[in-house]
Each structure stands twice: as structure tokens, then as C-alpha cells.
Number of protein chains: 2
Amino acid sequence: MKMKTVMNLTKALADETRVRMLLALRGGELCVCQVTELFGFAPSTVSKHLSILHQAGLVESRKQERWVYYRLPDQNAPVPVRAGLAWITQALENEACIAADVRKLKQILKMDPTELCQRQCPK
Amino acid sequence: MKMKTVMNLTKALADETRVRMLLALRGGELCVCQVTELFGFAPSTVSKHLSILHQAGLVESRKQERWVYYRLPDQNAPVPVRAGLAWITQALENEACIAADVRKLKQILKMDPTELCQRQCPK
DNA sequence: TTTTCATTTCGCCACTTGACGAAATAACGT
DNA sequence: ACGTTATTTCGTCAAGTGGCGAAATGAAAA
């Protein structure tokens, strides 16, 4: 794999928020407004983080109806990508802040996405 | 492993020079002046990079005579550290710039360390 | 076609990072 | 003990990063 490509991977993993986003996606795909709710940043900030992860190949996305869903890549992804995800996941297993994210996400998934979005995009 | 510790790892790997330093150490320990010669940065810059790698646990060091030698950690290192090294090594196998570093390093190892240091510490 | 609205892009700001040279440190040789 | 010297620390500076809000985008709904 090219050095540039590898550095895109390592730089993408060099931010705590982005790492937590990846781990949050282990439970299945999420739309931007759900991730926004989980981390409490502005939608534009969340979108930027997700685009950096996407650029690195660490997430895939699809658009359905009004929402863009992001998910972890499938088995077709390059080995270094999957290995990087496995590495960071393993390193953080049993980590308290990750468990807290999972708990909070569980609550968010009970809510209506439309409601979440409208709360974030006022007017 | 604590989130903070993991982020020290990912941030240490998020710089091309530091990654190349790690791979250069695969052939065995190197002293600071050898690493300095390999990458062409100021000694203070190289020292800073090595200290960041050390802080993350990705290298160990020992002092002998006039020189400080850095090396990759042994099997006693935490799993995430060894896994991170294995990951980055695998991702960059067959990468041209790494092979070039190895070639250049081979030349440097033929030289006398004392000579290298004196060239770098003028006066 | 026009409106609505979730997401992205852009411009700006504060903070961090990586580079250097100068000065401090620490350990060896004399 | 003293001087030499390899390495580290410190101060500074330019460049990169992550945050936000406003504006642009683009696709579905009306």
C-alpha cells in the first residue's frame, strides 16, 4: 500500500472523536444526525470527521431518502483498512468511554431520526 | 487499554517520518546520530520524534558510552503496541520509500558513528 | 417546478504540531 | 575534577487541524 494511503489511515485514527465514531458504527450503520446527537458537535463538524474517515476508506456511505448512512466497510476493503479497524477495536475493548458511547447510542436509536435532524437544523 | 494511551499510539503513527523511523529500526537498534543521518533533519527534531515514539511505547532506548540507542520493543510490550507495529509494517511492505530507507541505512551503518555525530554537532 | 431539509462546503478562529537553532544536560575520556 | 560531545530541552515560527456558523448543495416532498 502506498505511503500516502497509509498515512491517510493513521491520520484518520489520530483523533479521539473519529475513533469513537468508528467504534459506534460496530452496531450497524448510522445517519449523520444520529452521530451528531451522540457526540454533541455541530453537524458540519461531524460531517467533516466522517468525510475524513471515508477518504481513508474506514467507512462507506449510502444515501437513502433524506439521510446519508455511514457504516464500517465490508470484507472487500483492503487488508490494511480491516487490520487497522481490528487493531483499534482490540486496543479499546473494555474501555469505559466506549461503553458509555454504546449506552448513549442505544438511547438515540430509540428516537425518531426526523426529530433528531430537526432539532439540529433549526428553522 | 485507556483511550489516552491508545491515542498516544495513533498520534505517534500519524507522522510519516516517525513511521519510517519505526520501520528503519526493524534491522536492529540505531543511535540518534544514525537516524539523524538517515532522515536529514536537525538532531533536535529527530530527538523529539524518537521521544514521541518512546512516550507511546513504540520504541525502547538504552544509553551506552556516548550514544543513546533506540530499538523496537520486545515481546513484553503491551499487545496493542505490538499489534500496531505489526499493522503498520504489514501495510507498508513492498513500499518503495521504505525500501529506499533500508538501502540508505545500509550505507550509513558502514560509517563510523563518531564521524556522523561530529558532522552533525559542528564546532 | 418549487419548497423543504439533511448534509456538505466554506471562511474564520484558536490551538496544536513539526521544523529549526541555541542553550542546557549528562556521561565519557582525559 | 574538567572539558568534550551526543542528546535533550526550550523558545520561536510557519503550517496544519478541529471547532463553529453561514451559505451552498442536492434530493425528496409538495
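Source: prediction; values computed, not measured. Every chain is numbered from 1 and lettered A, B, ... according to where its sequence line falls, protein lines coming before strand lines.
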Taking atom types as they are modelled, is there a donor-acceptor pair under 3.5 Å from the base of D:dG18 to the side chain of A:Thr45?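 Absent.
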
Distance, rounded to the nearest Å, where [X] contributes [atom1] and [N] contributes [atom2]:
| X | N | atom1 | atom2 | result |
| --- | --- | --- | --- | --- |
| A:Glu37 | C:dA6 | CD | P | 13 Å |
| A:Leu30 | C:dT7 | CG | P | 11 Å |
| B:Glu115 | D:dA6 | CD | P | 12 Å |
| B:Leu50 | D:dA6 | CG | C1' | 13 Å |
| B:Lys48 | D:dA6 | NZ | P | 23 Å |
| A:His54 | C:dT9 | NE2 | C1' | 16 Å |
| B:Arg66 | D:dT7 | CZ | C1' | 13 Å |
| A:Asp15 | C:dT16 | CG | C1' | 12 Å |

If only atom types and distance count, is the side chain of [X] paired as donor or acceptor with the main-chain N or O of [Y] below 3.5 Å?
| X | Y | result |
| --- | --- | --- |
| A:Gln90 | A:Trp87 | no |
| A:Arg26 | A:Leu72 | no |
| B:Ser47 | B:Pro43 | no |
| A:Lys63 | A:Val68 | no |

Checking A:Ile98 against A:Arg20 for the side chain to side chain contact (heavy atoms under 4.5 Å, CB included) test, could you report, in this order, the C-alpha distance in whole Å, the side-chain angles of both residues, the deciding distance, and whether it holds? CA-CA 7 Å; A:Ile98 299 299; A:Arg20 287 169 62 197; 4.0 Å; yes

Salt bridge (charged side-chain N to carboxylate O under 4.0 Å, His left out) contacts in which one or both residues fall within residues 40-62 of chain B, not counting sequence neighbours: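 Of all non-adjacent pairs touching residues 40-62 of chain B, those that pass salt bridge (charged side-chain N to carboxylate O under 4.0 Å, His left out) are B:Glu29-B:Arg62, B:Glu60-B:Arg71.
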
Of all the nucleotides listed ([options]), which has the minimum atom distance to the side chain of [X]?
| X | options | value |
| --- | --- | --- |
| A:Phe41 | D:dT7, D:dG19, C:dT7 | D:dG19 |
| A:Ile52 | C:dT7, D:dG18, D:dG21 | D:dG18 |
| A:Pro43 | C:dT8, C:dT9, D:dA6 | C:dT8 |
| A:Ser44 | C:dT8, D:dT8, C:dT9 | C:dT9 |

Which residue lies toward the 5' end of DNA chain C, A:Tyr69 or B:His49, if each is placed at its nearest nucleotide?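 It is A:Tyr69 whose nearest nucleotide is closer to the 5' end.
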
Using 30° and 60° as the class limits, which term best fits the ring planes of A:Tyr70 and A:His54: parallel, tilted or perpendicular?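 If you compare the ring of A:Tyr70 with that of A:His54, the planes turn out perpendicular.
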
On DNA chain D, check which nucleotide each of A:Lys63 and B:Val68 is closest to and give me the residue with the more 5' one.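 That would be B:Val68.
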
Go nucleotide by nucleotide along DNA chain D from the 5' end; which of A:Thr17 and B:Ser51 gets its closest nucleotide reached first?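 Whichever sits nearer the 5' end wins; that is B:Ser51.
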
Enclosure of B:Glu93 CD (heavy-atom neighbours >12, cutoff 6.0 Å):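 Yes - once you tally the heavy atoms of other residues, nucleotides and ligands closer than 6.0 Å, there are more than 12.
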
Bend angle of the helix from C:dT1-D:dA30 to C:dT30-D:dA1 from five-pair axes at both ends, rounded to 10°?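 If I round to tens, the end axes sit 30° apart.
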
On the nucleotide C:dT8, are OP1 or OP2 found under 4.0 Å from the side-chain N or O atoms that A:Tyr70 carries?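 Yes, because at least one side-chain N or O of A:Tyr70 sits under 4.0 Å from OP1 or OP2 of C:dT8.
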
Do any side-chain nitrogens or oxygens of A:Arg18 fall under 4.0 Å of OP1 or OP2 in D:dG18?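 It does, given that an N or O in the side chain of A:Arg18 lies less than 4.0 Å from OP1 or OP2 of D:dG18.
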
